[in-house]
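Note sheet for the following structure.
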Amino acid sequence: FHAISREAANLKEVDLDAYKDIWVFAEQRDGRLMNVSKELLGEGRRLAEAMGGDTKVYAVLMGDAVENLVQTCAAYGADGVYLAEETHLSHYTTDGYAKVFTEMIEGYKPEIVLYGATHIGRDLAPRVAARLNTGLTADCTRLDVSVAAYKAYAEKYTTLDTSTLDATSQDRTLLQTRPAFGGNLMATIVCPKTRPQMATVRPGVMQQCEKDMTRKASVIRIEPALCETDIRTEVIEVVKQAKAMVSLSDAEIIVSGGRGLGTEEGFKLMETFAAKVGGTVGASRAAVDAGWIDHVHQVGQTGTTVKPKVYFACGISGAIQHLAGMQDSDLVIAINRDPEAPIFEVADFSIVGDLYKIIPQLIESWDDI
Ligand code: FAD
């Protein structure tokens with residue numbers, strides 16, 4: 001599937017040559033840089049190399065007293081950091097962040113801007129895109145730069161006619177690929193006439209660079225012009241719920257349960273198993289929809305994309321939307337009583353049988369494994 005939004009939305013054409021470099025929205029929570037931002041800095045480096053020339057990767061760090069994260073951004077691949085510190089930015093607000101970020105983009109004209117497809121990234125990016133009158137591709141799982149790269153990809157994986165991508169396409173075109181129509185098709189979207197080219201990217205799909213604390217980044221300080229009236233919301237209190245502690249995208253071992261568990265009680269077994277192996281509990285959408293477990297545990301296209309070292313799929317059939325969120329795990333161990341279950345096609349180890357017999361045995365003998 002191939003979408004080119006050339007004439008889309010009557011967007012105003014801009015001088016493409018005025019734009020350069022790659023920006024990554026460096027999302028932080030409680031003084032920690034989010035993993036997805038580290039992944040995007042790594043992806044930014046890869047794209048910068050493909051674009052050649054002196055394309056640089058910048059992290060955009062916003063908040064109150066966040067300068068201590070400059071070194072982390074450098075360690076994960078930023079050549080430079082735009083640092084916007086202001087008390088009004090201490091908590092994320094749509095108005096405050098969108099205003100400051102939009103003004104920075106208008107001033108410095110980046111060619112590409114990447115955001116994590118987190119709650120904040122999904123809120124911020126479309127606001128900024130609308131204010132700048134440019135395009136945005138949401139929830140990307142693959143990025144390529146240049147028409148040549150895309151043609152090579154298309155020749156390998158699709159029967160796509162690439163003749164529509166003619167010489168008028170810019171060499172620095174960002175090919176933004178995302179699942180569409182329930183994950184049954186991959187749509188590649190380009191933004192040929194406006195800048196910046198902007199995408200939100202799913203956590204867990206891009207590679208971080210090797211962390212190097214000796215790397216240095218230049219710092220460009222921004223003095224945000226924000227006042228009370230710019231922000232229509234007030235953060236009175238931040239209440240952290242226990243469920244916010246579930247961090248599937250960072251987990252090294254995930255124990256996921258599906259409809260095959262049969263009841264909500266089945267997740268008690270998942271918790272015991274997870275505690276034994278030092279893992280985090282995940283779930284299929286069927287289990288979430290049944291009300292057995294909260295949505296924050298959902299793995300898949302409409303849940304979290306994960307890439308753990310070990311993924312246990314227990315009583316999960318392996319629907320394409322579930323696979324979309326876990327098939328890049330290093331090792332997949334599937335337990336299912338149906339030997340024909342599609343999950344076995346992506347599994348490294350397949351255990352055919354009743355999970356209620358197999359998992360207690362695994363728990364009992366785990367220390368000997
Ligand atoms: P089922 O498909 O019902 O599979 C249950 C499995 O358990 C079966 O294979 C069965 O053999 C096995 N089983 C039963 N009893 C036992 C037992 N005692 N021991 C061992 N095995 C047993 N799904 C997701 O997971 N994540 C998503 O993000 C997601 N997004 C979606 C987005 C869209 C737009 C759509 C249309 C669907 C989405 N889905 C998603 C739903 C997806 O299509 C499947 O319906 C869902 O993944 C099925 O969940 P399941 O494997 O737990 O259930």
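Both counts, for ligands and for their atoms, begin at 1 and track the order of listing.
- With a heavy-atom cut-off of 4.0 Å, Ala319 touches ligand 1 through its side chain alone.
- Within the listing of ligand 1, atoms 52 (O) sit less than 4.0 angstrom from a heavy atom of Gly258.
- Distances from atom 49 (O) of ligand 1 to the heavy atoms of Gly325, Ala286, Gly257, Gly262 show the closest one on Ala286.
- The ligand atoms of ligand 1 that sit less than 4.0 angstrom from a heavy atom of Gly303 are 28 (O).
- Distance alone, capped at 3.5 Å, is enough to place a donor-acceptor pair between the Gln197 side chain and the Leu174 backbone.
- The closest approach between Ala287 and ligand 1 stays at or above 4.0 Å for every heavy atom of the residue.
- Polar contact check, Leu355 against ligand 1: a nitrogen or oxygen pair lies under 3.5 Å apart.
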Per-pair distances, 0.1 Å, donor-acceptor, side chain in residues 72-79, under 3.5 Å, sequence neighbours excluded:
residue: Asp79; atom: OD1; partner: Arg45; partner atom: NH1; Å: 3.3
residue: Asp79; atom: OD2; partner: Arg45; partner atom: NH1; Å: 3.3
residue: Asp79; atom: OD2; partner: Arg45; partner atom: NH2; Å: 3.4
residue: Asp79; atom: OD2; partner: Val57; partner atom: N; Å: 2.8

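- Judged purely by distance below 3.5 Å, without hydrogens or angles, the side chains of Thr102 and Glu106 never pair a donor atom with an acceptor atom.
- Using a 4.0 Å cut-off between charged nitrogen and carboxylate oxygen, Asp54 and Lys20 count as a salt-bridge pair.
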Side-chain polar contacts of residues 217-224 - donor-acceptor pairs under 3.5 angstrom, sequence neighbours left out - could you list them?
residue: Arg221; atom: NH2; partner: Glu67; partner atom: OE1; Å: 3.1
residue: Arg221; atom: NH2; partner: Glu67; partner atom: OE2; Å: 2.6

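- Atom 21 (N) of ligand 1 has its nearest heavy-atom neighbour, among Gln321, Glu340, Arg337, in Arg337.
- Proximity of a side-chain donor or acceptor of Glu86 to a complementary backbone N or O of His88 within less than 3.5 Å is detected.
- Atom OH in Tyr115 sits 11.0 Å away from atom CG in Asp123 (nearest 0.5 Å).
- Listed by atom number, the atoms of ligand 1 under 4.0 Å from Asp354 heavy atoms are 17 (C), 18 (N), 19 (N).
- Taking a 4.0 Å cut-off on heavy atoms, Gly353 registers as neighbouring ligand 1.
- Going from atom OG of Ser256 over to atom CZ of Phe273 covers 11.0 Å, rounded to the nearest 0.5 Å.
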* Please step through side chain to side chain donor-acceptor pair (under 3.5 Å) for the pair Glu27 and Thr118, ending with a clear verdict. => CA-CA 9 Å; Glu27 189 174 333; Thr118 60; 2.7 Å; yes
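- The ligand atoms of ligand 1 that sit less than 4.0 angstrom from a heavy atom of Thr302 are 27 (C), 28 (O), 29 (C), 30 (N), 31 (C), 32 (C).
- Contacts between Val299 and ligand 1, counted as non-hydrogen atom pairs separated by less than 4.0 Å, involve the backbone only.
- Here atom 31 (C) of ligand 1 lies nearest to Arg285 when heavy atoms of Arg259, His295, Arg285, Gln301 are compared.
- Close contacts between ligand 1 and Ser284 involve ligand atoms 25 (O), 49 (O), 50 (P), 52 (O) [criterion: under 4.0 Å to a heavy atom].
- At a 3.5 angstrom cut-off on N or O pairs, Gly315 counts as close to ligand 1.
- Ligand-side atoms of ligand 1 in range of Gly300: 26 (N), 27 (C), 28 (O), range being under 4.0 angstrom from any heavy atom.
- On a distance-only criterion, Asn336 and ligand 1 share at least one N/O pair closer than 3.5 Å.
- When only modelled atom types and interatomic distance are considered, Thr93 and Asp95 share no side-chain donor-acceptor pair under 3.5 Å.
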